[in-house]
Amino acid sequence: MPTVTMEQAQKNYRKAVNTGLLKVLSKMGISLFSSYCGAQIFEIYGLGKEVVEFSFRGSASRIGGLTLDELARETLTFWVRAFSEDTAKRLENFGFIQFRPGGEYHGNNPEMSKLLHKAVREKSETAYAVYQQHLANRPITVFRDLLEFKSDRKPIPVGRVEPASSIVERFCTGGMSLGAISRETHETIAIAMNRLGGKSNSGEGGEDPIRWKPLTDVVDGYSSTLPHLKGLRNGDTATSAIKQVASGRFGVTPTFLVNADQLEIKVAQGAKPGEGGQLPGKKVSPYIARLRNSKPGVPLISPPPHHDIYSIEDLAQLIFDLHQVNPKAKVSVKLVSEAGIGTVASGVAKANADIIQISGYDGGTGASPISSIKHAGGPWELGLAETQQTLIGNGLRERVIIRVDGGFKSGVDVLIAAAMGADEYGFGTLAMIATGCIMARICHTNNCPVGVASQREELRARFPGLPGDLVNFFLYIAEEVRGILAQLGYEKLDDIIGRTDLLKPRDISLVKTHLDLSYLLSSVGLPKRSSTSIRKQEVHSNGPVLDDTLLQDPEIMDAIENEKMVHKTMSIYNVDRSVCGRIAGVIAKKYGDTGFAGQLNLTFNGSAGQSFACFLSPGMNIRLVGEANDYVGKGMAGGEVVILPVESTGFLPEDATIVGNTCLYGATGGLLFVRGKAGERFAVRNSLAQAVVEGTGDHCCEYMTGGCVVVLGKVGRNVAAGMTGGLAYILDEDDTLLPKVNKEIVKIQRVTSPVGQTQLKSLIQSHVEKTGSSKGAAIVEEWDKYLGMFWQLVPPSEEDTPEANSDHHLKTTAGEEEQVSNTFAV
C-alpha cells in the first residue's frame, strides 16, 4: 500500500526538483531562475546534429550522436520494460551511483580493484598483465576507448626507450585533501610519489608541518605503530610536492606555501565544477580541525567562487602573490574540462601561470556529494584537445606545462593524453585503489571499511596500504608506456606529445550511436619546443619588486638572520603589489609560522597596490600612511598591519574608504587596524586574525571560521553569510543593522558577557592607540553609551536549535564565553 497521498507525493516531487534546481544554479553562480532559463550553460555529448538543431539550437555539441529516431527507439524500450507482463513490481536498480551486478558498467569496479591489488601487493608482472587485459576487454566507457594508435615507424627494442624512472617524473596524484582521505592514505601517497620523483598533491586542507622533514628524523613524532610507516627508507618524506591553494584557504599559511615545490590554484575541479571541496562535519576530527584552523565537527565547504578571483586579473594577482611568497615554486591553475576552456587557458597563460591542470569529470574526492558525481564536468579528452589547439593558435603553448587528470588507469591512457598534447598525467582514484581503497563508495559517511577515506581511528587502523604498493603501480604504468612506445617506434615521450596524427578511430560499431571524433584528432601544429624543455623552464618571473629592494637592505637582512629589531620608512606606489609577501616567505622558510623572535617595523607612505601585507608572518609590524587596494592582509598568519589616512586630506577618516575589497581573505592570525572604511567582503574566510575597521561594504565576515572583527560604523548587506566561527562586533548607531545580517547561521545578541565586553573594549583601545582614531576615542570615552549600540554576531554551537537561532536577543551562552576566550589574544 502507498505510504503517502497523491498530494504529498506531488509536494515531495516539487520540493526535490526545486532543491535540485537551486543546487545547479548555485554551482553556476546564478542568482535568478530567469537568468538560468535559456542560458545554455551546458555542453551536449552524444546527441546528433538533428536533435541539437531541433531542440537545443546554439548549444555546444562537438561530437554528434543519437538521432531522433534512435532516441524514440530507446524511449520505447523503457516503456516496454515498464509495462510488460513479466516486469518485476520493484524498480530496477541500474547501478548509476554504486556498482551493481548486471547494472551500468563502472570503470572502477570490484574486479578491477582486486586485480590491481594483487598486482601491486605481490609485485607480479603476470597479475598486472591480467589487469591490463581486463581494461582492454571492458565495454566502451570513455572517449579514449574509441581511439587506437597507428604508427609511421617500425617497432624498436624496448631497451632503446627512455627509462621508467624518467617517465614516472611526469606522474602526479590528484588533489585529495587530508580530511577527505585519512592521514595514512594521504601520507602513503606522498611518500610513494617522493620516492619516484613524481608529485603528490595536498588537496585543500593544509598539511601537518611534521611532514616537511625526512620521516626518519621525526618518526617518534608520528608513531612507530602507524602501519604505512613500516619499511621507511633514509630520505623518505611525506611532504606533498604540490600544495593546493583552494577557495577555502584551509590550512594555507606562509610556511605551508614556502615548503612547496609547486602551488596549485584550484579554481574548480572536474568532478564537481562550481563547488570546490565539501567535507562533512563528522570527518572534521580534532586533528583535521587543527590543520584547517577550524573547529571539530563543523562541516567545511569551499563555496563556488574564490572570493579573491572574480576576473582573470584577480587570478593574475593571486598567481603574482604566490610567486612572491615562494619564488621557486611553479604555480598551476586547475580548470574544469568544458566548452570554452581554451579561452580560459589562454587567459591563465597570459596571467603568468606555469602549469595548466585540466580536470575531467571522471573522478572526485573522498567527500563528493552524490549530486556532484553525475552530469558534472566534461571528458578530459575534449578539454585537452581544445586547450592544446587554442594555446598553440595563440602562441602560448610554450609558456605552460599542460597537466591532465580524470580516470587515468593505464599506460594507454597516458599515451593517448600525450598524443593529444599533455605533458604530465594525474592519477586520483587509482592511486587510492593501489593503496587499499575497495570502492565501497561510502567516503562521505566517514565509515570507510579499510580506513582509506575515514577519520575514525578504529577504521584507520585497518588501512592496508604501503608506499611500495603505489610505487609498484606507477612503475608498471611506466613500463607499459615504454612497451607501447617501442611498438610505435619512438624512443621517448617527447616525440609523440601533440602527435594526434598517431591516433585514429577504432574500427568498432556502437550499439546506440555513432560519434564524430574529428575534433579530438584535429591539430593546429606542435609547440616550437619539446615537452621536456617546457617542463624544465624556470619559474615565470614578474621582474623586480619592492621586496627585493628591502631584502637587499643589510639592516633588514641582519634583523631576519639574527632575530633583531629594525625600523625602516619608505615610499610606496600603487604599482607595488604583494609588498611584504616575499619578506614573509623568507622568514617562514627559516623560522616557520611562529618561530621568528625578531621584529621588522616597516612604515610605508603612499598608495599600496593589491595584496599589501599578504601572507604576513609574526614579528612583522607594518604601518601604511595613505591607502591600499584590494586584498590587504590576504593569508596573513601573524604580525600587525596599521593603515591610516594622510592627515591633510580634509575628509573624516570614518567616512572614507581607504582599503579595498576582500581584505584578510584566508588570514590565519595577526592584527589589522584600519582608520577608515573597507570595501566589500571584509574578512571573508578569516580564520584567526583580529581586526578593527570603521565601516565596510557588502558581505562583511562572509564564510568566516574564526578570529574577531570589530566594525565601528556602517556595513553593507549580507553580513556573516556562511560564518561558522569567530565573533563579530558591529556598532549600530541608527538601528539599521539587523536587516543586513544573513541570519541563516549566526545569532545576533547584545554584548552582555563581561568577557565579550572586555574583548571589545580592548580591541577598540588598541585601535585608538595604533591609529589615533577619533571615532574609536569617542567610543572609549563614552563607553556606557556606546556599548548598548553594539551587536555581537555568534555562530551557533552544536547544541543550538533552529528556534533558538531565530531569536535575535538571546542571552550570553557558555558557547559565547568559549569563543570569546579562544579569540581574545590582543
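For the single chain, residues carry numbers from 1 onward in sequence order.
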Inset, instruction - For residues P280 and H444, report the shortest heavy-atom separation together with the two atoms involved. - result: CG-O, 3.5 Å
Legend entry - Salt bridge present between D494 and R535 (N-O < 4.0 angstrom): no
Inset, instruction - Decide whether S530 and S533 meet the rule of one side-chain donor and one side-chain acceptor closer than 3.5 Å. - result: no
Inset, instruction - Anything under 30° is parallel, anything over 60° is perpendicular, the rest tilted; go ahead and classify Y425 against F408. - result: tilted
Inset, instruction - Could you pull out the closest heavy-atom pair between G65 and L515, with the gap in Å? - result: CA-CD2, 4.0 Å
Legend entry - K266 side, atom NZ; N201 side, atom CG - distance, nearest 0.5 Å: 9.5 Å
Legend entry - S240 and its side-chain contact (heavy atoms from CB on, under 4.5 Å) partner, picked from H186, E264, K199: H186
Legend entry - Evaluation steps, side-chain contact (heavy atoms from CB on, under 4.5 Å), between V524 and Q388: CA-CA 9 Å; V524 292; Q388 173 81 347; over 6 Å; no
Legend entry - Aromatic ring pairing F94/F96, orientation class (parallel under 30°, perpendicular over 60°, tilted between): parallel
Legend entry - Minimal non-hydrogen separation, G411 against E480, with atom names: N-OE1, 3.0 Å
Inset, instruction - Check the side chains of D208 and Y287 for a donor-acceptor pair under 3.5 angstrom, ignoring hydrogens and angles. - result: yes
Inset, instruction - State whether the side chain of E386 and the backbone N or O of I341 hold a donor-acceptor pair below 3.5 Å, judged by distance alone. - result: yes
Inset, instruction - Grab the two heavy atoms, one from N447 and one from I442, that are nearest each other, plus how far apart they are. - result: O-CD1, 3.4 Å
Legend entry - Flag side-chain contact, heavy atom, 4.5 Å: H540 against V331: no
Inset, instruction - Classify the side-chain pair N446/R456 by whether it contains a donor and acceptor separated by less than 3.5 Å. - result: no
Inset, instruction - Would you indicate whether the side-chain heavy atoms of L520 and L503 approach each other to under 4.5 Å? - result: no
Inset, instruction - Any chance you could measure M193, atom CE, to L196, atom CG, to the nearest 0.5 Å? - result: 5.5 Å
Inset, instruction - Over all heavy atoms of both residues, which pair between V168 and L475 is shortest? Give the atoms and the distance, please. - result: CG1-CD2, 4.2 Å
Legend entry - Ring-face cation contact, Y105 with R138, 6.0 Å cut, 45° max: no
Inset, instruction - State whether E398 and K528 are salt-bridged, where the test is any N-O pair (Lys NZ or Arg NE/NH1/NH2 against Asp/Glu carboxylate O) under 4.0 Å. - result: no
Legend entry - salt bridge (charged side-chain N to carboxylate O under 4.0 Å, His left out) contacts touching residues 502-511 (sequence neighbours left out): E148-K504
Inset, instruction - Answer yes or no: is there an ion pair linking R482 with E479, defined by an N-O contact shorter than 4.0 Å? - result: yes
Legend entry - Distance, nearest 0.5 Å, that separates OG1 of T239 from CG of D261: 7.0 Å
Inset, instruction - Go through the steps for L178 and E187 under the test side-chain contact (heavy atoms from CB on, under 4.5 Å), then give the verdict. - result: CA-CA 9 Å; L178 176 54; E187 294 180 6; 5.9 Å; no
Legend entry - Pair L485-F149, side-chain contact (heavy atoms from CB on, under 4.5 Å): steps then yes or no: CA-CA 10 Å; L485 283 174; F149 284 96; over 6 Å; no
Inset, instruction - With ring pair (Phe, Tyr, Trp, His ring centres under 6.0 Å) as the test, would you mind laying out the steps for Y476 and F473 before giving the verdict? - result: CA-CA 5 Å; Y476 284 140; F473 171 68; 8.3 Å; no
Inset, instruction - Return the minimal non-hydrogen interatomic distance between K283 and I288, and the atom names on each side. - result: O-CG1, 3.8 Å
Legend entry - D405 and S359: side chain donor to acceptor below 3.5 Å: yes
Inset, instruction - Please check if the side chain of R211 supplies one atom and the backbone of A238 the other of a donor-acceptor pair under 3.5 Å. - result: yes
Legend entry - side-chain contact (heavy atoms from CB on, under 4.5 Å) assessment of V161 paired with V481: CA-CA 10 Å; V161 179; V481 168; over 6 Å; no
Inset, instruction - Find out whether E162 and T532 are in side-chain contact, i.e. whether some heavy atom of one side chain is under 4.5 Å from a heavy atom of the other. - result: no
